[in-house]
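Structure record follows, encoded as structure tokens.
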Amino acid sequence: MDRLDITSVTGHFRVLAQLTEEEAAVYLPTIKSEMAYFDRIFLRDPSGDAEKHLCEYACACKAFFDYTILKAATSKTYSTQSGGIYAKISDDVTVSNAEHLMRRAMAALPEGLISDDGFVFEGVKG
């Protein structure tokens, strides 16, 4: 049994990012990457539909966070009717809000379901 359903994760991601099905398909590698990340940090399988749904939402929030970082890093240039060109610098408030949403979704997961993802190393053998 798959721990997370890609259709459900993609659906949550589409709602968060306000993308059409075709637009969301471009970010399928990002979604799959986050699902692989979740597979690595699971300590146990989600028990029941409620835990699985929470995990799928948290995974979508993490993918949305990556999406907002990518969108913020993309430079946007515009031209005016008079021929002037200007660049719009992205507001990092969106990235901060996406990070806050992701952290809240991760905090809502039941204790003991995932390992702490706040540190790079899980252990040091010495």
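Shortest non-hydrogen contact noted between Phe65 and Val95 is CE1-O, 3.8 Å. Here the shortest heavy-atom pairing between Cys55 and Leu113 reads SG-CD2, 3.2 Å. Residues Leu54 and Ala108 come closest through the heavy atom pair CD1-O, 3.9 Å. Closest of all the heavy-atom pairs between Pro29 and Ala25 is CD-O, 4.4 Å.
Taking Glu51 as the reference, Arg44 meet the salt bridge (charged side-chain N to carboxylate O under 4.0 Å, His left out) condition, with sequence neighbours excluded. Scored by the side-chain contact (heavy atoms from CB on, under 4.5 Å) test, Ala17 finds Phe13, Leu19, Phe64, Tyr67 as partners (sequence neighbours excluded). Not counting sequence neighbours, the partners of Asn97 by the side-chain contact (heavy atoms from CB on, under 4.5 Å) test are Val93. By the side-chain contact (heavy atoms from CB on, under 4.5 Å) test, Thr7 is found to be paired with Asp5, residues two or more places apart in sequence or in another chain being considered. Looking at residues two or more places apart in sequence or on another chain, you find a side chain to side chain donor-acceptor pair (under 3.5 Å) between Ser8 and Glu56. The ring-ring contact (aromatic ring centres under 6.0 Å, His included) search around His53 returns His12, not counting sequence neighbours. Evaluation of the side-chain contact (heavy atoms from CB on, under 4.5 Å) rule for Glu34 yields Tyr37, Cys59, Lys62, Ala63, Asp66 as partners, not counting sequence neighbours.
Met106 is listed as a side-chain neighbour of Ile41, based on a closest heavy-atom distance under 4.5 Å. Residues Lys52 and Arg3 fail the side-chain proximity criterion, which asks for heavy atoms closer than 4.5 Å. At a threshold of 4.5 Å between non-hydrogen side-chain atoms, the residues Val9 and Phe38 do not count as touching.
Between the CZ atom in Arg104 and the SG atom in Cys61 there is a gap of 11.0 Å [rounded to 0.5 Å]. Considering CD1 of Ile114 and CG of Leu109, their distance stands at 5.0 Å, rounded to 0.5 Å. In this structure, Ile6 CD1 and Lys32 NZ are separated by 5.0 Å, a value rounded to the nearest 0.5 Å. Summarising the geometry, atom CG belonging to Leu16 is positioned 10.5 Å from atom OG1 belonging to Thr68; distances are rounded to the nearest 0.5 Å.
Note on Val26 and Val15: separate hydrophobic clusters, where clusters join Ile, Leu, Val, Met, Phe, Trp and Tyr whose side-chain heavy atoms are under 4.5 Å apart, directly or indirectly.
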